[in-house]
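Predicted model, so just to flag it, every value in this text is computed and none were measured. One-based numbering along the sequence shown.
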Amino acid sequence: MKNNKLSLASYITVGSMLFGLFFGAGNLIFPVHMGQEAGASTLMATIGFILTGVGLPFLGVVAIGFSKSNGLYDLASRITPAYGLFFTMVLYLTIGPFFALPRTATVSFEIGLTPFLGEDQYTIALLIFTILFFLLAWILSLNPSNIMMWIGKVLNPLFLLFLAFLIISAFIKPMGEIEPLAIQPAYQGSPFFKGFTEGYNTMDVLASLAFGIIVVNAIKSFGVTNTTDIAKDTFKSGIISLILMSVIYGCLAYIGAMSLNAYPLSENGGIALAQIATYYFGAYGSILLAIIITVACLKTAIGLICACAEMFNQLFPKISYRTFVHLFSLISMLIANVGLTAIISISIPVLMFLYPLAITLVFLAFASPLFHHKKIVYQFTIGFTFIIAVVEGLKASSEVISQNPIIFSITSFFDNLLPLSDVNMGWILPAIAGFVIGWIVSLIKGLPSK
(Lines give C-alpha, C1' and ligand atoms only; values in the text may rest on other atoms or scores of the structure.)
Protein backbone atom coordinates (compact mmCIF):
# COMPACT_ATOMS: atom_id res chain seq x y z
CA MET A 1 0.00 0.00 0.00
CA LYS A 2 1.31 3.45 -0.93
CA ASN A 3 2.40 5.63 1.99
CA ASN A 4 1.79 9.33 1.30
CA LYS A 5 3.69 12.23 2.84
CA LEU A 6 1.90 15.14 4.50
CA SER A 7 2.23 18.55 2.86
CA LEU A 8 2.71 21.76 4.83
CA ALA A 9 -0.97 22.58 4.29
CA SER A 10 -1.92 19.18 5.72
CA TYR A 11 0.24 19.77 8.79
CA ILE A 12 -1.49 23.11 9.33
CA THR A 13 -4.92 21.52 8.85
CA VAL A 14 -4.27 18.78 11.42
CA GLY A 15 -2.58 21.21 13.83
CA SER A 16 -5.50 23.63 13.59
CA MET A 17 -7.94 20.79 14.22
CA LEU A 18 -5.95 19.78 17.31
CA PHE A 19 -6.02 23.35 18.59
CA GLY A 20 -9.77 23.46 18.04
CA LEU A 21 -10.23 20.21 19.96
CA PHE A 22 -8.29 21.46 22.96
CA PHE A 23 -9.02 25.16 23.17
CA GLY A 24 -12.57 25.75 24.32
CA ALA A 25 -13.76 28.81 26.15
CA GLY A 26 -12.99 27.11 29.46
CA ASN A 27 -9.28 27.32 28.65
CA LEU A 28 -9.53 31.10 28.81
CA ILE A 29 -10.61 31.37 32.42
CA PHE A 30 -7.89 29.48 34.28
CA PRO A 31 -4.77 31.38 33.12
CA VAL A 32 -6.54 34.71 33.75
CA HIS A 33 -7.46 33.75 37.31
CA MET A 34 -4.01 32.25 37.88
CA GLY A 35 -2.42 35.55 36.82
CA GLN A 36 -4.61 37.41 39.32
CA GLU A 37 -3.55 35.12 42.15
CA ALA A 38 0.12 34.77 41.19
CA GLY A 39 0.77 38.50 40.69
CA ALA A 40 4.51 39.10 40.63
CA SER A 41 5.10 35.32 40.42
CA THR A 42 3.07 35.03 37.21
CA LEU A 43 6.07 34.09 35.04
CA MET A 44 7.06 31.01 37.06
CA ALA A 45 3.43 30.00 37.57
CA THR A 46 2.78 30.32 33.83
CA ILE A 47 5.75 28.10 32.95
CA GLY A 48 4.34 25.41 35.24
CA PHE A 49 0.85 25.92 33.83
CA ILE A 50 2.05 25.61 30.23
CA LEU A 51 3.78 22.31 31.02
CA THR A 52 0.52 20.67 32.10
CA GLY A 53 -1.81 22.81 29.97
CA VAL A 54 0.14 22.48 26.72
CA GLY A 55 3.29 20.33 26.94
CA LEU A 56 1.81 17.21 28.50
CA PRO A 57 -1.36 17.27 26.33
CA PHE A 58 0.93 17.49 23.31
CA LEU A 59 2.85 14.42 24.53
CA GLY A 60 -0.46 12.67 25.28
CA VAL A 61 -1.58 13.02 21.67
CA VAL A 62 1.82 11.95 20.35
CA ALA A 63 1.82 8.98 22.76
CA ILE A 64 -1.27 7.50 21.11
CA GLY A 65 0.43 7.65 17.70
CA PHE A 66 3.78 6.47 19.05
CA SER A 67 2.30 3.54 21.00
CA LYS A 68 0.51 2.21 17.88
CA SER A 69 -2.58 1.63 20.07
CA ASN A 70 -6.19 1.97 18.98
CA GLY A 71 -7.00 4.63 21.55
CA LEU A 72 -7.16 5.09 25.31
CA TYR A 73 -8.89 1.82 26.21
CA ASP A 74 -6.38 -0.18 24.19
CA LEU A 75 -3.43 1.64 25.80
CA ALA A 76 -4.75 1.50 29.39
CA SER A 77 -5.62 -2.18 29.00
CA ARG A 78 -1.90 -2.92 28.87
CA ILE A 79 -2.10 -2.83 32.66
CA THR A 80 -5.16 -5.12 32.80
CA PRO A 81 -8.43 -5.09 30.83
CA ALA A 82 -10.30 -4.24 34.05
CA TYR A 83 -8.03 -1.25 34.68
CA GLY A 84 -8.43 -0.19 31.05
CA LEU A 85 -12.21 -0.18 31.45
CA PHE A 86 -12.06 1.65 34.81
CA PHE A 87 -9.61 4.33 33.67
CA THR A 88 -11.36 4.93 30.35
CA MET A 89 -14.76 5.30 32.01
CA VAL A 90 -13.54 7.64 34.75
CA LEU A 91 -11.55 9.77 32.31
CA TYR A 92 -14.42 10.16 29.84
CA LEU A 93 -16.91 10.93 32.63
CA THR A 94 -14.51 13.61 33.90
CA ILE A 95 -14.00 15.32 30.54
CA GLY A 96 -17.68 14.70 29.86
CA PRO A 97 -20.87 14.91 31.94
CA PHE A 98 -19.39 15.19 35.42
CA PHE A 99 -17.10 18.22 35.00
CA ALA A 100 -15.99 19.51 31.59
CA LEU A 101 -19.41 19.36 29.95
CA PRO A 102 -21.26 21.25 32.73
CA ARG A 103 -18.42 23.75 32.68
CA THR A 104 -19.13 24.66 29.06
CA ALA A 105 -22.53 25.99 30.12
CA THR A 106 -21.38 27.70 33.32
CA VAL A 107 -18.47 29.48 31.60
CA SER A 108 -20.88 30.79 28.97
CA PHE A 109 -23.28 31.92 31.70
CA GLU A 110 -20.60 33.58 33.86
CA ILE A 111 -19.14 35.54 30.97
CA GLY A 112 -22.35 36.18 29.03
CA LEU A 113 -25.04 36.89 31.59
CA THR A 114 -23.64 37.29 35.12
CA PRO A 115 -22.41 40.89 34.52
CA PHE A 116 -26.03 41.90 33.76
CA LEU A 117 -27.73 40.05 36.67
CA GLY A 118 -28.39 40.83 40.29
CA GLU A 119 -27.56 38.26 42.98
CA ASP A 120 -31.25 37.44 43.50
CA GLN A 121 -31.60 36.56 39.80
CA TYR A 122 -28.56 34.26 39.55
CA THR A 123 -30.08 30.89 40.45
CA ILE A 124 -33.19 31.01 38.28
CA ALA A 125 -31.26 32.57 35.37
CA LEU A 126 -28.64 29.80 35.55
CA LEU A 127 -31.37 27.14 35.52
CA ILE A 128 -33.11 28.62 32.47
CA PHE A 129 -29.81 29.12 30.63
CA THR A 130 -28.53 25.58 31.26
CA ILE A 131 -31.84 24.04 30.17
CA LEU A 132 -31.75 25.96 26.87
CA PHE A 133 -28.01 25.39 26.40
CA PHE A 134 -28.13 21.61 26.85
CA LEU A 135 -31.43 21.30 24.99
CA LEU A 136 -29.71 22.77 21.92
CA ALA A 137 -26.54 20.73 22.51
CA TRP A 138 -28.68 17.58 22.84
CA ILE A 139 -30.53 18.22 19.56
CA LEU A 140 -27.34 18.95 17.64
CA SER A 141 -25.48 15.99 19.16
CA LEU A 142 -27.99 13.57 17.65
CA ASN A 143 -26.71 14.55 14.20
CA PRO A 144 -23.81 16.99 14.65
CA SER A 145 -21.86 16.72 11.38
CA ASN A 146 -23.09 19.83 9.53
CA ILE A 147 -23.29 22.21 12.48
CA MET A 148 -19.82 21.20 13.73
CA MET A 149 -18.27 22.02 10.37
CA TRP A 150 -20.08 25.37 10.10
CA ILE A 151 -19.22 26.46 13.61
CA GLY A 152 -15.62 25.29 13.27
CA LYS A 153 -15.00 27.24 10.05
CA VAL A 154 -16.85 30.44 10.92
CA LEU A 155 -17.20 30.93 14.65
CA ASN A 156 -13.86 29.59 15.87
CA PRO A 157 -11.91 32.09 13.71
CA LEU A 158 -14.26 34.82 14.93
CA PHE A 159 -13.61 33.76 18.51
CA LEU A 160 -9.83 33.90 17.99
CA LEU A 161 -10.09 37.24 16.17
CA PHE A 162 -11.88 38.86 19.11
CA LEU A 163 -9.39 37.29 21.52
CA ALA A 164 -6.54 38.75 19.46
CA PHE A 165 -8.14 42.21 19.69
CA LEU A 166 -8.47 41.80 23.46
CA ILE A 167 -4.85 40.70 23.93
CA ILE A 168 -3.43 43.40 21.65
CA SER A 169 -5.54 46.07 23.38
CA ALA A 170 -4.28 44.94 26.79
CA PHE A 171 -0.65 45.24 25.71
CA ILE A 172 -1.13 48.58 23.93
CA LYS A 173 -3.06 50.03 26.86
CA PRO A 174 -2.14 48.00 29.97
CA MET A 175 -4.23 48.35 33.11
CA GLY A 176 -1.08 49.09 35.09
CA GLU A 177 2.06 47.52 36.46
CA ILE A 178 2.03 44.18 38.24
CA GLU A 179 2.21 44.85 41.96
CA PRO A 180 5.33 43.23 43.51
CA LEU A 181 3.47 42.18 46.66
CA ALA A 182 0.25 41.10 44.97
CA ILE A 183 0.78 37.37 45.43
CA GLN A 184 -1.83 35.11 47.01
CA PRO A 185 -0.51 32.69 49.68
CA ALA A 186 -0.81 29.62 47.45
CA TYR A 187 1.73 31.12 45.02
CA GLN A 188 4.21 32.51 47.54
CA GLY A 189 6.12 29.29 48.23
CA SER A 190 6.35 27.33 44.97
CA PRO A 191 4.66 29.25 42.14
CA PHE A 192 6.01 26.84 39.51
CA PHE A 193 4.48 23.74 41.12
CA LYS A 194 1.26 25.59 41.95
CA GLY A 195 1.00 26.64 38.30
CA PHE A 196 1.77 23.05 37.28
CA THR A 197 -1.17 21.68 39.28
CA GLU A 198 -3.39 24.58 38.18
CA GLY A 199 -2.86 23.32 34.64
CA TYR A 200 -4.80 20.21 35.70
CA ASN A 201 -7.96 22.33 35.53
CA THR A 202 -7.78 22.52 31.75
CA MET A 203 -8.26 18.71 31.74
CA ASP A 204 -6.27 18.71 28.50
CA VAL A 205 -3.90 15.87 29.42
CA LEU A 206 -6.96 13.72 30.03
CA ALA A 207 -8.54 14.95 26.81
CA SER A 208 -5.33 14.28 24.87
CA LEU A 209 -5.61 10.56 25.59
CA ALA A 210 -9.14 10.67 24.18
CA PHE A 211 -8.34 12.96 21.22
CA GLY A 212 -5.09 11.24 20.21
CA ILE A 213 -6.84 8.61 18.12
CA ILE A 214 -8.80 11.36 16.31
CA VAL A 215 -5.53 12.97 15.22
CA VAL A 216 -4.06 9.61 14.19
CA ASN A 217 -7.14 8.84 12.08
CA ALA A 218 -6.99 12.32 10.51
CA ILE A 219 -3.39 11.70 9.45
CA LYS A 220 -4.34 8.28 8.09
CA SER A 221 -7.07 9.97 6.03
CA PHE A 222 -4.31 11.78 4.11
CA GLY A 223 -2.94 8.40 3.02
CA VAL A 224 -0.17 7.99 5.62
CA THR A 225 -0.03 4.29 6.49
CA ASN A 226 3.43 3.69 7.97
CA THR A 227 3.17 3.66 11.77
CA THR A 228 6.52 5.44 12.21
CA ASP A 229 5.47 8.21 9.81
CA ILE A 230 2.14 8.53 11.64
CA ALA A 231 3.99 9.10 14.93
CA LYS A 232 6.31 11.68 13.31
CA ASP A 233 3.42 13.50 11.59
CA THR A 234 1.45 13.58 14.85
CA PHE A 235 4.44 15.25 16.51
CA LYS A 236 4.95 17.80 13.72
CA SER A 237 1.25 18.69 13.54
CA GLY A 238 1.06 19.13 17.29
CA ILE A 239 3.83 21.75 17.26
CA ILE A 240 1.39 24.26 15.73
CA SER A 241 -1.11 23.78 18.55
CA LEU A 242 1.66 23.81 21.16
CA ILE A 243 3.04 27.19 20.09
CA LEU A 244 -0.34 28.88 19.68
CA MET A 245 -1.71 27.70 23.03
CA SER A 246 1.50 28.62 24.90
CA VAL A 247 1.41 32.18 23.57
CA ILE A 248 -2.28 32.60 24.42
CA TYR A 249 -1.88 31.20 27.95
CA GLY A 250 1.10 33.45 28.64
CA CYS A 251 -0.71 36.56 27.44
CA LEU A 252 -3.88 35.78 29.39
CA ALA A 253 -1.98 35.15 32.63
CA TYR A 254 -0.15 38.47 32.24
CA ILE A 255 -3.41 40.32 31.53
CA GLY A 256 -4.95 38.70 34.61
CA ALA A 257 -2.07 39.91 36.78
CA MET A 258 -2.45 43.47 35.43
CA SER A 259 -6.23 43.46 35.92
CA LEU A 260 -5.85 43.80 39.71
CA ASN A 261 -5.14 47.48 39.11
CA ALA A 262 -8.73 47.91 37.90
CA TYR A 263 -10.68 45.12 39.64
CA PRO A 264 -10.46 43.12 42.88
CA LEU A 265 -9.47 39.46 42.86
CA SER A 266 -12.35 37.60 41.19
CA GLU A 267 -14.09 34.48 42.42
CA ASN A 268 -13.25 32.71 39.16
CA GLY A 269 -11.68 33.42 35.78
CA GLY A 270 -15.02 33.73 34.01
CA ILE A 271 -15.89 36.81 36.04
CA ALA A 272 -12.39 38.24 35.53
CA LEU A 273 -12.50 37.80 31.76
CA ALA A 274 -15.90 39.49 31.52
CA GLN A 275 -14.57 42.43 33.56
CA ILE A 276 -11.49 42.76 31.35
CA ALA A 277 -13.62 42.74 28.17
CA THR A 278 -15.84 45.45 29.66
CA TYR A 279 -12.78 47.52 30.59
CA TYR A 280 -11.51 47.61 27.02
CA PHE A 281 -14.67 47.47 24.90
CA GLY A 282 -17.52 48.52 27.19
CA ALA A 283 -20.93 46.91 27.06
CA TYR A 284 -20.62 46.09 23.35
CA GLY A 285 -17.42 44.15 24.00
CA SER A 286 -19.11 42.16 26.74
CA ILE A 287 -22.03 41.29 24.49
CA LEU A 288 -19.78 40.24 21.60
CA LEU A 289 -17.57 38.18 23.93
CA ALA A 290 -20.66 36.56 25.43
CA ILE A 291 -22.03 35.54 22.02
CA ILE A 292 -18.75 34.17 20.70
CA ILE A 293 -17.87 32.27 23.87
CA THR A 294 -21.36 30.82 24.21
CA VAL A 295 -21.23 29.49 20.66
CA ALA A 296 -17.66 28.22 21.16
CA CYS A 297 -18.78 26.46 24.35
CA LEU A 298 -21.79 25.03 22.54
CA LYS A 299 -19.46 23.57 19.89
CA THR A 300 -17.28 22.08 22.61
CA ALA A 301 -20.32 20.67 24.38
CA ILE A 302 -21.55 19.00 21.19
CA GLY A 303 -18.12 17.48 20.61
CA LEU A 304 -17.85 16.17 24.18
CA ILE A 305 -21.36 14.70 24.20
CA CYS A 306 -20.65 12.93 20.90
CA ALA A 307 -17.21 11.68 21.98
CA CYS A 308 -18.45 10.37 25.33
CA ALA A 309 -21.57 8.78 23.83
CA GLU A 310 -19.50 7.07 21.12
CA MET A 311 -16.97 5.71 23.63
CA PHE A 312 -19.58 4.39 26.04
CA ASN A 313 -21.48 2.87 23.13
CA GLN A 314 -18.26 1.03 22.19
CA LEU A 315 -17.76 -0.14 25.77
CA PHE A 316 -21.42 -1.10 26.23
CA PRO A 317 -22.76 -1.83 22.72
CA LYS A 318 -26.14 -3.04 24.01
CA ILE A 319 -26.93 0.58 24.97
CA SER A 320 -27.45 2.82 21.94
CA TYR A 321 -25.49 5.95 21.11
CA ARG A 322 -28.65 8.06 21.30
CA THR A 323 -29.44 6.77 24.79
CA PHE A 324 -26.03 7.93 26.02
CA VAL A 325 -26.60 11.32 24.34
CA HIS A 326 -29.88 11.69 26.26
CA LEU A 327 -28.27 10.62 29.54
CA PHE A 328 -25.12 12.74 29.31
CA SER A 329 -27.04 15.86 28.25
CA LEU A 330 -29.39 15.56 31.23
CA ILE A 331 -26.64 14.86 33.78
CA SER A 332 -24.57 17.79 32.47
CA MET A 333 -27.53 20.17 32.75
CA LEU A 334 -28.19 19.16 36.36
CA ILE A 335 -24.56 19.43 37.47
CA ALA A 336 -24.13 22.79 35.70
CA ASN A 337 -26.60 24.32 38.13
CA VAL A 338 -24.19 24.10 41.05
CA GLY A 339 -22.30 26.97 39.38
CA LEU A 340 -18.82 27.42 37.89
CA THR A 341 -16.97 28.00 41.16
CA ALA A 342 -18.48 24.88 42.74
CA ILE A 343 -17.75 22.74 39.66
CA ILE A 344 -14.11 23.79 39.70
CA SER A 345 -13.88 23.10 43.44
CA ILE A 346 -15.52 19.67 43.21
CA SER A 347 -13.42 18.62 40.23
CA ILE A 348 -10.05 19.32 41.87
CA PRO A 349 -9.83 16.09 43.96
CA VAL A 350 -10.76 14.00 40.91
CA LEU A 351 -8.13 15.75 38.78
CA MET A 352 -5.50 15.31 41.50
CA PHE A 353 -6.26 11.58 41.37
CA LEU A 354 -6.44 11.19 37.59
CA TYR A 355 -3.52 13.36 36.46
CA PRO A 356 -0.68 11.29 37.99
CA LEU A 357 -2.16 8.18 36.37
CA ALA A 358 -2.58 9.93 33.00
CA ILE A 359 0.92 11.42 33.03
CA THR A 360 2.44 8.06 34.01
CA LEU A 361 0.54 6.28 31.24
CA VAL A 362 1.87 8.79 28.70
CA PHE A 363 5.41 8.19 29.97
CA LEU A 364 4.96 4.41 29.72
CA ALA A 365 3.69 4.73 26.13
CA PHE A 366 6.97 6.37 25.14
CA ALA A 367 9.21 4.13 27.26
CA SER A 368 7.45 0.90 26.26
CA PRO A 369 9.92 -0.12 23.50
CA LEU A 370 12.76 0.00 26.06
CA PHE A 371 11.22 -2.78 28.14
CA HIS A 372 9.68 -4.56 25.13
CA HIS A 373 6.12 -3.65 26.16
CA LYS A 374 6.17 -6.09 29.08
CA LYS A 375 2.94 -5.90 31.07
CA ILE A 376 4.63 -6.30 34.46
CA VAL A 377 6.38 -2.92 34.02
CA TYR A 378 3.06 -1.23 33.29
CA GLN A 379 1.49 -2.91 36.32
CA PHE A 380 4.19 -2.01 38.84
CA THR A 381 4.44 1.60 37.62
CA ILE A 382 0.71 2.28 37.59
CA GLY A 383 0.21 0.28 40.81
CA PHE A 384 2.67 2.42 42.79
CA THR A 385 1.33 5.61 41.22
CA PHE A 386 -2.28 4.63 41.93
CA ILE A 387 -1.70 4.49 45.70
CA ILE A 388 -0.27 8.01 45.84
CA ALA A 389 -2.86 9.32 43.35
CA VAL A 390 -5.56 8.28 45.83
CA VAL A 391 -3.67 10.15 48.58
CA GLU A 392 -3.40 13.28 46.40
CA GLY A 393 -7.13 13.14 45.71
CA LEU A 394 -7.92 12.84 49.43
CA LYS A 395 -5.64 15.76 50.26
CA ALA A 396 -7.47 17.97 47.77
CA SER A 397 -10.92 16.96 49.01
CA SER A 398 -13.23 19.07 51.16
CA GLU A 399 -12.33 19.57 54.80
CA VAL A 400 -14.99 17.06 55.85
CA ILE A 401 -12.92 14.37 54.10
CA SER A 402 -9.35 15.69 54.18
CA GLN A 403 -9.50 16.64 57.88
CA ASN A 404 -10.99 13.35 59.02
CA PRO A 405 -8.52 12.08 61.67
CA ILE A 406 -7.83 8.77 59.93
CA ILE A 407 -7.46 10.25 56.46
CA PHE A 408 -5.42 13.18 57.75
CA SER A 409 -2.99 10.82 59.49
CA ILE A 410 -2.55 8.82 56.26
CA THR A 411 -1.98 11.87 54.06
CA SER A 412 0.36 13.43 56.65
CA PHE A 413 2.41 10.21 56.72
CA PHE A 414 2.96 10.38 52.95
CA ASP A 415 3.62 14.14 53.10
CA ASN A 416 6.44 13.50 55.54
CA LEU A 417 7.72 10.46 53.65
CA LEU A 418 7.75 11.58 50.02
CA PRO A 419 9.62 14.52 48.46
CA LEU A 420 7.43 17.10 46.67
CA SER A 421 4.32 15.78 48.42
CA ASP A 422 3.74 19.20 49.96
CA VAL A 423 3.23 20.60 46.43
CA ASN A 424 0.99 17.70 45.30
CA MET A 425 3.75 16.00 43.34
CA GLY A 426 4.50 13.17 45.76
CA TRP A 427 3.56 10.57 43.13
CA ILE A 428 6.73 11.15 41.07
CA LEU A 429 9.15 9.09 43.19
CA PRO A 430 6.76 6.11 43.61
CA ALA A 431 6.10 6.12 39.85
CA ILE A 432 9.84 5.99 39.15
CA ALA A 433 10.32 3.29 41.80
CA GLY A 434 7.49 1.20 40.35
CA PHE A 435 8.97 1.55 36.87
CA VAL A 436 12.45 0.46 37.98
CA ILE A 437 11.17 -2.46 40.09
CA GLY A 438 8.85 -3.63 37.31
CA TRP A 439 11.67 -3.51 34.78
CA ILE A 440 14.02 -5.47 37.07
CA VAL A 441 11.35 -8.11 37.74
CA SER A 442 10.69 -8.45 34.01
CA LEU A 443 14.40 -9.00 33.35
CA ILE A 444 14.76 -11.54 36.14
CA LYS A 445 11.69 -13.56 35.23
CA GLY A 446 11.92 -13.03 31.49
CA LEU A 447 8.20 -12.35 31.43
CA PRO A 448 6.47 -12.12 28.06
CA SER A 449 5.49 -8.82 26.52
CA LYS A 450 1.94 -7.44 26.41
Side-chain angles (χ1 to χ4, degrees), residues 22 26 52 56-57 60-61 63-64 67 69-104 197 199-214 303-317 319 324-325 327-332 334-336 338 343-365 378-379 381-398 401 424 427 430-431 434:
F22 278 128
T52 41
L56 289 175
V61 170
I64 297 297
S67 66
S69 61
N70 294 318
L72 174 60
Y73 176 69
D74 184 28
L75 180 60
S77 292
R78 293 181 180 181
I79 293 87
T80 66
Y83 179 83
L85 180 62
F86 162 79
F87 188 71
T88 302
M89 286 179 60
V90 174
L91 186 144
Y92 269 89
L93 288 173
T94 300
I95 66 171
F98 285 177
F99 299 114
L101 253 173
R103 197 172 71 188
T104 60
T197 54
Y200 290 5
N201 283 318
T202 65
M203 303 189 194
D204 281 346
V205 171
L206 308 183
S208 71
L209 293 171
F211 293 154
I213 193 63
I214 298 175
L304 288 174
I305 291 172
C306 294
C308 291
E310 287 172 358
M311 174 52 67
F312 273 80
N313 177 239
Q314 291 176 23
L315 295 176
F316 307 101
I319 303 175
F324 281 119
V325 169
L327 182 63
F328 292 156
S329 299
L330 178 61
I331 293 173
S332 300
L334 294 173
I335 293 178
V338 305
I343 290 173
I344 294 171
S345 177
I346 296 169
S347 68
I348 288 175
V350 179
L351 297 177
M352 289 296 182
F353 165 71
L354 279 177
Y355 255 76
L357 298 172
I359 294 171
T360 305
L361 186 61
V362 170
F363 165 76
L364 287 170
Y378 279 90
Q379 291 171 338
T381 308
I382 293 295
F384 279 37
T385 306
F386 191 94
I387 296 170
I388 309 305
V390 172
V391 173
E392 295 293 356
L394 291 172
K395 283 165 54 178
S397 299
S398 64
I401 298 174
N424 303 109
W427 57 271

Sequence neighbours left out, what passes side-chain contact (heavy atoms from CB on, under 4.5 Å) with [X]? Give chain and number order.
X      : result
Leu334 : Leu330
Ser345 : none
Pro430 : Phe384, Ile388, Leu418

Worksheet item: Excluding sequence neighbours, so at least two apart, what forms side-chain hydrogen bond (donor to acceptor under 3.5 Å, both in side chains) with Asn424?
Response: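 Result, side-chain hydrogen bond (donor to acceptor under 3.5 Å, both in side chains) vs Asn424: Glu392.
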
Counting C-beta onward and ignoring hydrogens, is there a side-chain heavy-atom pair between [X] and [Y] closer than 4.5 Å?
X      : Y      : answer
Phe86  : Ile79  : no
Thr202 : Thr52  : no
Arg103 : Ser347 : no
Ser329 : Val325 : yes

Worksheet item: Between Ala336 and Ile343, which heavy-atom pair has the shortest distance, and what is it?
Response: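 That would be CA-CD1, 4.0 Å.
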
Practice prompt. Work out which heavy atom in Ala396 is nearest to a heavy atom in Met352; give both atom names and the distance.
Written response: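 Taking Ala396 first and Met352 second, the nearest heavy atoms are CB-CG, 3.7 Å.
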
Reported [atom1]-to-[atom2] distance for the pair [X] and [Y], which is rounded to 0.5 angstrom:
X      : Y      : atom1 : atom2 : result
Ser398 : Ile348 : OG    : CD1   : 11.5 Å
Phe99  : Ile346 : CZ    : CD1   : 7.0 Å
Leu206 : Leu351 : CG    : CG    : 6.5 Å

Show which side-chain atoms of residues 305-317 pair as donor or acceptor with protein atoms under 3.5 Å away, not counting sequence neighbours.
| unit_1 | atom_1 | unit_2 | atom_2 | d |
| --- | --- | --- | --- | --- |
| Asn313 | ND2 | Ile319 | O | 2.8 |

Contacts table for residues 87-97: side-chain donor-acceptor under 3.5 angstrom, sequence neighbours left out:
| unit_1 | atom_1 | unit_2 | atom_2 | d |
| --- | --- | --- | --- | --- |
| Thr88 | OG1 | Gly84 | O | 2.6 |
| Thr94 | OG1 | Val90 | O | 2.8 |

Please set out all donor-acceptor pairs under 3.5 angstrom arising from side-chain atoms of residues 358-365, sequence neighbours excluded.
| unit_1 | atom_1 | unit_2 | atom_2 | d |
| --- | --- | --- | --- | --- |
| Thr360 | OG1 | Pro356 | O | 2.6 |

Discussion item. Between Ser67 and Ile64 (side chain of the first, backbone of the second, donor and acceptor by atom type, cut-off under 3.5 Å), is there such a pair?
Written reply: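 Answer holds: yes.
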
